[in-house]
Each structure stands twice: as structure tokens, then as C-alpha cells.
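Okay, structure first, notes after.
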There are 2 protein chains.
Amino acid sequence: MIDKQSPIPIYHQLEEYIKQLIENGILKPDEAIPSEREYSEQYQISRMTVRQALNNLVNDGYLYRQKGRGTFVNKQKVEQKLQGLTSFTEDMKERGMVPSSRLISFEIIPAEPQLARKLDIKENTPVYEIKRVRMADNLPMALETSYLPANLVKGLTEEIINKSLYQHIEEKLSLTISEATQQIEASIAKDTEVSHLQVESGSPVLLIVRTSFLQDGTTFELVKSAYRADRYKFVHTMQRAAK
Amino acid sequence: MIDKQSPIPIYHQLEEYIKQLIENGILKPDEAIPSEREYSEQYQISRMTVRQALNNLVNDGYLYRQKGRGTFVNKQKVEQKLQGLTSFTEDMKERGMVPSSRLISFEIIPAEPQLARKLDIKENTPVYEIKRVRMADNLPMALETSYLPANLVKGLTEEIINKSLYQHIEEKLSLTISEATQQIEASIAKDTEVSHLQVESGSPVLLIVRTSFLQDGTTFELVKSAYRADRYKFVHTMQRAAK
DNA sequence: TGGATTTAGATGTCTATACCAGTTAAAACA
DNA sequence: TGTTTTAACTGGTATAGACATCTAAATCCA
């Protein structure tokens with residue numbers, strides 16, 4: 001399980017190992033995991049190294065400690081799942097639904113002033129505009145429009161979009177989204193939303209505007225979505241900041 | 001600065017000290033702080049102890065490290081402000097508005113099954129129910145109903161509520177909310193909401209249900225709010241979880 | 001039996017040391 | 001002068017041990 005010769009740090013190996021046991025349900029919530037000294041003896045590693053692994057897992061919310069008692073498995077929180085959320089696809093899968101989508105339009109347009117400001121690029125810079133109806137279990141869930149600076153994601157095709165845009169971005173272009181800001185508000189469905197989402201006029205929708213950033217701070221994408229209020233609820237967990 | 005005889009752990013003292021320097025602007029963003037070895041020598045403490053302090057500050061987002069270069073002060077992110085958000089009052093102040101509220105009703109009721117489940121208490125346990133219209137710059141912003149288990153916050157009075165419920169909870173009862181989950185959805189204003197929020201019937205509202213937890217995991221409060229969609233937008237930053 | 005005390009074992013704090021791996025700038029070299 | 005090497009930093013990983021503090025079970029005693 002633990003390979004001391006590996007270039008991967010020991011604490012990280014132990015971390016991944018324990019994380020696996022939790023995610024596979026072998027270690028159950030509120031169950032005590034072996035003590036630090038047990039890990040230390042079993043794998044012949046120092047107790048401080050074990051602590052480093054456990055501390056990371058505590059920080060990530062997988063474990064919690066009780067002085068004098070032991071270290072325990074945390075309940076799988078919705079939060080952990082949602083924090084990693086980047087795409088509609090991931091979100092729906094988390095909710096146990098099958099995501100799909102129908103492309104409405106796909107073109108390259110010059111960024112008008114407002115969009116340019118939001119994407120932090122110059123006016124009229126080419127931008128991909130992708131409009132899609134997002135579905136869950138084959139029912140319309142949201143109408144989504146994405147804007148991506150063309151210079152960041154060259155050679156985008158309909159095929160890639162229909163397959164998995166995010167997979168392409170992460171694996172082929174090896175770009176990683178590190179942070180995102182969301183603005184969420186309520187509204188009444190507009191005409192295009194009424195028709196694409198198949199709701200009655202006057203129906204409420206949840207508008208979510210997400211701006212995603214890369215590690216270096218580059219603005220990567222702007223996504224405007226209108227969700228059917230009767231089908232979608234946004235769930236979100238937050239920790240109180242230290243004073 | 002560092003008192004080795006103090007019952008307060010050394011790493012914690014150093015942590016608070018550095019945090020102060022950052023919050024008071026003495027250490028500026030992207031500025032390097034002294035190296036681990038410097039702290040170690042200056043205060044005659046072990047480097048591992050210094051690392052424990054710095055690690056905590058990195059985890060809390062105050063610092064970031066660069067291998068081979070040093071440890072630097074982070075920019076104060078909006079996220080950090082929003083993460084600490086717990087109450088309507090704090091939220092409005094962040095937005096530069098003056099919060100106020102009008103009490104509609106205040107009573108102790110037995111928890112019905114659904115509420116009991118959400119608060120994680122037994123059925124018919126006494127619960128405070130507080131209904132208020134929340135205002136920003138004297139304009140109705142939201143209709144809010146709070147539920148708090150009576151045994152957790154004994155002796156609540158109208159006066160306390162009108163003054164500052166959260167201040168009372170944190171300072172008098174010394175309870176700290178460590179985590180909260182929010183569910184956000186869009187809807188159409190109901191009759192009571194129409195009248196209290198002074199909107200037309202058919203107007204959209206943003207429904208937010210917040211459940212707050214104490215450090216030990218106790219469910220502390222359930223707050224249901226209906227915000228005027230034309231005045232309120234929920235903003236939220238998230239980091240991508242590590243894979 | 002029931003309450004106080006002991007004890008074993010858990011996490012928490014801290015030390016002192018060692019070596020590794022990036023980064024940078026000065027020193028040596030061509 | 002311009003390039004390369006080197007040395008002196010930085011944080012990252014890992015060890016082995018000490019003592020503190022808290023918890024719960026075992027033990028003892030009235």
C-alpha cells in the first residue's frame with residue numbers, strides 16, 4: 001500500500017489510500033479509523049508523517065478528530081461534491097440524473113463592450129458563443145449560453161461541444177479552472193426561455209451567471225444559465241471564515 | 001510576541017501575530033514574509049512549529065507558498081468576506097446598505113415533523129419562530145422566518161431580536177456557527193410575500209433556506225427567506241476542489 | 001452496588017535534525 | 001562580455017522522541 005521508494009510522498013500515498021476507503025464506503029461515517037500510532041507501526045513510518053496525511057484529510061473535510069478519542073470519518077457532505085462543480089454535466093451526475101444537451105447555436109462573434117469587460121479582453125476580440133438546452137433525464141432543465149475567448153480554446157468544433165467540452169479543455173488543452181464566481185437571481189422566463197424550456201409564460205426561472213478563472217487569474221469563460229425553477233434548486237455549503 | 005510559558009500553543013500565537021500584521025496592512029499582498037528559518041531563529045522555536053503556524057494561515061487563505069522562493073501574503077479575496085456571511089445584517093453591510101427589520105411575529109411553537117427533522121430534534125420540541133421583514137436602506141428586501149431550538153437559546157426576547165440576535169448568540173451565549181448549507185431556488189411571490197414585500201402578484205422571488213451548524217455539528221438554526229428578485233442577487237465564489 | 005481512582009491509549013504540541021528540490025544571484029569561466 | 005557553474009538561500013518531506021491533555025474503560029474501595 002505504501003511504497004517508500006516511490007517519488008510520491010508517503011503522506012500523500014496514505015492520504016489517497018484512506019480517501020479511497022472512505023469514498024468506496026469501506027470506512028463508514030462516524031467510524032473510527034486506526035490510530036496514528038497504529039498507522040505508524042503498521043507501515044513503519046513516523047507518526048508525524050501519518051499526522052500530515054490525516055491533517056490534510058481533516059482540512060478537506062474527510063475526517064474529524066476528537067482529542068483523546070480518535071479520528072473519525074465525516075459524513076459525505078453535499079458541499080464536497082458541489083465545491084468541485086464546474087459544469088452542468090458534473091452537477092447533474094452528482095444529483096443522480098443523466099445529463100444531455102441540444103445545441104441551438106454555435107458561432108464566433110466579436111465581443112461587444114459589456115462582454116469584453118466581463119471576460120477581461122479587448123472589444124471585438126473573437127469569442128465563441130455556444131447556446132444549448134441542457135437536459136436531465138431527457139427533460140429540459142436549463143437554457144445555457146457560454147462565452148469563451150477564442151484564443152484560449154482554438155479549434156473548437158460542434159463535435160467537441162457535443163462530446164464533452166470540459167474534458168477537451170482539461171485533457172487536450174490541459175487548462176484547469178481553479179476558481180469561479182456565481183451570481184444567482186430569480187426572474188420570470190423570457191420568450192426564448194419559455195419555448196426552449198417548455199414552461200408557461202410567467203414561470204419563474206433561476207438565473208445563474210458563472211465566471212470561471214484559470215490558475216493564473218485569466219478569465220476563461222462566462223456562462224449564463226436560466227434554470228426551470230420547478231426542477232432546479234441550487235445547493236451550497238459554506239464555512240464560516242475565521243475572525 | 002511569543003510567550004513559551006503561555007498555555008496558548010506557540011504555533012497559535014505566531015499565527016495570530018502574523019494574521020494581525022496582514023489585517024492591519026503592515027504585511028501587504030504579494031509581499032514575502034520572513035522565511036521559516038528566520039522565524040525559527042528569531043523566536044527560538046523549532047522550524048516545524050513555525051510550519052504549523054504558516055500551514056494554518058495557508059489553509060485559511062492568508063498566505064501562499066512558492067517552493068524555493070518563499071511565503072507570501074495573499075490578496076484579501078471577496079470570497080473570504082462572503083464565506084463568513086451568516087446573517088442578513090452582515091450581508092447588507094457588505095453591500096454597503098443599511099439593514100433594518102420589522103418584527104412580524106415571535107413565538108415558541110412545538111416542532112412539527114418536517115421542521116423537527118430539519119433541525120435534527122424530536123417532534124414537538126419547543127422552537128422559537130421569528131418572522132421578520134428585512135429591509136435595506138428602508139426598502140423591503142426579504143421576508144424571513146427563523147427557527148431555533150429553544151433549549152439552545154434560552155431566554156430570547158423581542159428586545160434581543162430587534163437589537164442583534166447574532167451578537168447575542170455569539171457574545172452572550174458564546175456559540176459559534178461554523179458551517180451553513182443553503183438551498184436556493186426561484187419562485188413566484190405568495191400572497192403574504194406580496195403584501196409584506198410590496199411587490200405585484202406574479203413577481204419572482206429568490207427563496208433561500210439556510211441551515212446553520214455549530215462546531216460540534218448541532219443544527220442550530222433554520223432560516224427561510226424570500227427575497228425580492230428585483231433587489232437581491234446572490235453572489236458566491238468557489239474554488240475548484242482538488243481531484 | 002456505586003462512586004472514586006487508576007491506567008491505557010488517543011490526539012495535541014514541540015523539539016532537533018536530516019536531506020531533497022526548486023530558485024536566484026553571485027562567482028567562475030570561456 | 002556573455003555563458004556556465006556553484007553556493008546559498010527557499011519551502012517540502014521525513015524521522016524519532018518527549019511530554020501534555022483528554023477520554024473511556026478497568027480497577028479499587030467503601
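Below, chain A is the first sequence line, B the second, and so on; all start at residue 1.
Using a 4.5 Å heavy-atom cutoff, the side chains of A/Val73 and A/Leu63 are in contact.
Each end of the helix from C/dT1-D/dA30 to C/dA30-D/dT1 gets its own axis from five base pairs, and the two axes differ in direction by 10°, given to 10 degrees.
Taking a cutoff of 4.0 Å between a charged side-chain nitrogen and a carboxylate oxygen, B/Lys93 and B/Glu90 do not qualify as a salt bridge.
Using a 4.0 Å cutoff to heavy atoms of chain A, the contacted part of DNA chain D runs 5' to 3' from D/dT13 to D/dA24.
Ring planes of A/Phe106 and A/Tyr128: parallel class, angle under 30° (limits at 30 and 60°). Using a 30° and 60° split on the angle between ring planes, B/Tyr17 and B/Tyr43 fall in the perpendicular class, above 60°.
Test B/Leu119, B/Leu222, B/Leu148, B/Asn151 against B/Val127 for side chain to side chain contact (heavy atoms under 4.5 Å, CB included) and you get one pass: B/Leu119.
B/Glu38 comes within 4.0 angstrom of sugar-phosphate atoms only, judged by non-hydrogen atoms across all strands, and of no base.
The minimum heavy-atom distance between A/Thr49 and A/Tyr11, with the atom names listed, is O-CB, 3.7 Å. Across all their heavy atoms, B/Pro99 and B/Met92 have their closest contact at CB-CB, 3.9 Å.
Between the B/Glu41 side chain and the B/Glu38 main chain, no donor and acceptor come within less than 3.5 Å of each other. With hydrogens and angles ignored, the 3.5 Å screen pairs a side-chain donor or acceptor of A/Gln13 with a backbone N or O of A/Ile8. Here the side chain of B/Thr219 pairs no donor or acceptor atom with the backbone of B/Phe213 at under 3.5 angstrom.
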Using a cut-off of 4.0 Å between protein heavy atoms and nucleotide atoms, how would you tag nucleotides 11-18 of chain C 5' to 3' with B, S and -?
BBBBBB-B
